[in-house]
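Below: the structure, in structure tokens.
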Amino acid sequence: MAFNIYDFTTLTKSIHEGLSSQFSPTATLAIEWTIVGLAYLLFVALFGLFLVYAERKVCAAFQQRMGPMRVGPWGLLQTIADFIKLLMKELIMPKNADKFLYNLAPFIVIIVTFMVISVIPFAPGLATFDFDIGVFFVTAVSSVGVIGILLAGWSSNNKYSLIGAMRSGAQIVSYELSVGLSLITMIILAGTMQISGIVEGQRDMWFIFKGHVPAVIAFFVFVIAGTAETNRGPFDLAEAESELTAGFHTEYSGIKFAFFFLAEYINLFIVAAMATTVFLGGWMPLHFGDFDSFNQIMDLMPGLFWFFFKVLGVMFLMMWFKWTFPRLRVDQILNLEWKYLLPINLFNILLMAAVVLFGLHF
Amino acid sequence: MKSIIAYITEILKGIWTLLTGMKVTAKYFFTPWKHVTQQYPENRKTLKIAERFRGEVIMPHNENNEHKCTGCGICEINCPNGSIEIITKSLILEDGKKKRAIDQHIYHLGMCTFCNLCVKACPTGAIVMGQNFEHAVWDRSTLTKVLNQPGSKIMEGVKD
Ligand code: SF4
Ligand code: SF4
């Protein structure tokens, strides 16, 4: 297979063997974990910075503006400057705040994003964990993040923070359902919850084409619910300047605020990456059944490139949503979930089950 | 059954309106050369300010250093925040009669709200709104201007 030349397994294996020959197994494991941890940290920091810049530019273009233009060519260094500014800010602790929980909350949020990101395969051989229940792990762990948000709101000793946190909690808990159900729809088609198995199952065709109508519906439900789960517009209820100021992170400053901010953008990446992995084939190049010559041309591009190409595409779609659609009121958000997305989703699962049962997929 | 059809049409209609919105923003996104924001100091040479733009109150003078202000003080009365002070003098005409004339038309740019009322009220059209908008100065006192140029006099034939 042509894409083996871009496979990272050989690279990781050679690193492992090199280390094993020098150190004891425990030390090897420790060193490898450190390397992996640092790689993820670096990726999250750099990609987060890039995402903030991209969002500002894309949003500007949607509103016929230019966005940041002054720091560096086309404002490329703007987010780095912002980040340095954030690092130098004073950390303010509100009076009578619950100190321990207040300090813990941003870490819960950021740790959860790291945990989720660790199961996402970036390229062949470039994923840290590959559980049997990968998809389940993602939905389960990502719902822990809401605890961080609730804690942040609760411990800040600020009514606006608390209301903002409650709103985001209600929203995340309800939309979790749609995310899970739309993923279940695809699991029916894939027949496995293991992420590598899901990607492998899309070798002949991406699931969104394979599962046609129900898969497309599930994709859009997933993107909508994912947008809501990351608290992004048009579902950014938790941040309502006029009513709640900045919502649950009102009282946070400096690096702790940066954690929330970074986690929000990395969550955007996670939703896009999950959509890519489950619906659009992950790092798998665009393949169509038996058209071997076509498939081989597609294989020329490395899996890493395919993955980011698709992830950026989904993220662009989500930014497009954010800067086009009017913001929803709190009752409208819950209406959308419970009256529309959930019934559609349940119906869609039945449809997908029927499609799989009668072999109507490609 | 009816309610189910209504439910489905509602969803489809909603999707349709959302798509309409996305079409508009897509048009904005993919035509970056039509963006309205401009890079200001870079484009100073090519900058075009709309004629109606109210940058400051100015008093046009012709080539003989003549203006149309009679010193009637109507603009001073009409200014809602006292940005204009009119100081008049009296001229002795050739036939011995006395005539009021403007000595100093003092305009406080720092207080002006660019409401245009003075321009509208002036019976002779002596003052207009200029397009210059770069008013930053180091010293506040330089924002107080005398609009009639030194040595200027009223144009022939302008009557109050
Ligand atoms: S524009 Fe308005 S505020 Fe300014 S000087 Fe004229 S009347 Fe006064
Ligand atoms: S500017 Fe016009 S309104 Fe004001 S004093 Fe002169 S003539 Fe009168």
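Quick note on labels: first sequence line is chain A, next is B, and so on, each numbered from 1.
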Check whether more than 12 heavy atoms from other residues, nucleotides or ligands sit under 6.0 Å from atom [atom1] of [X], and answer yes or no.
X: A:Arg70; atom1: CZ; answer: yes
X: A:Met166; atom1: CE; answer: no
X: A:Phe325; atom1: CZ; answer: yes

### Summary
Correct closest heavy-atom pair for B:Tyr7 and A:Lys339 would be OH-O, 2.7 Å
### Query
Would A:Trp323 and B:Thr25 count as having a side-chain donor-acceptor pair, cut-off 3.5 Å?
no
### Query
So which part of A:Phe220 gets closer than 4.5 Å to some heavy atom of chain B, the side chain, the backbone, both or neither?
neither
### Query
Which bit of B:Ile11 comes within less than 4.5 Å of chain A, counting heavy atoms only: side chain, backbone, both or neither?
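Contact with chain A is through the side chain of B:Ile11 alone.
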### Query
Do the non-hydrogen side-chain atoms of B:Met22 and A:Trp320 ever get within less than 4.5 Å of each other?
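With C-beta onward as the side chain, the pair touches.
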### Message
Non-hydrogen contacts under 4.5 angstrom with chain A: give the residues of residues 126-150 of chain B involved, or none if there are none.
### Response
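No residue falls under the 4.5 Å cut-off.
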### Query
Using non-hydrogen atoms and a limit below 4.5 Å, what part of residues 35-44 of chain B faces chain A?
B:His35, B:Val36, B:Thr37, B:Gln39, B:Tyr40, B:Pro41, B:Glu42
### Task
For the residue pair A:Phe62 and B:Phe29, categorise the inter-ring angle as parallel (less than 30°), tilted (30 to 60°) or perpendicular (more than 60°).
tilted
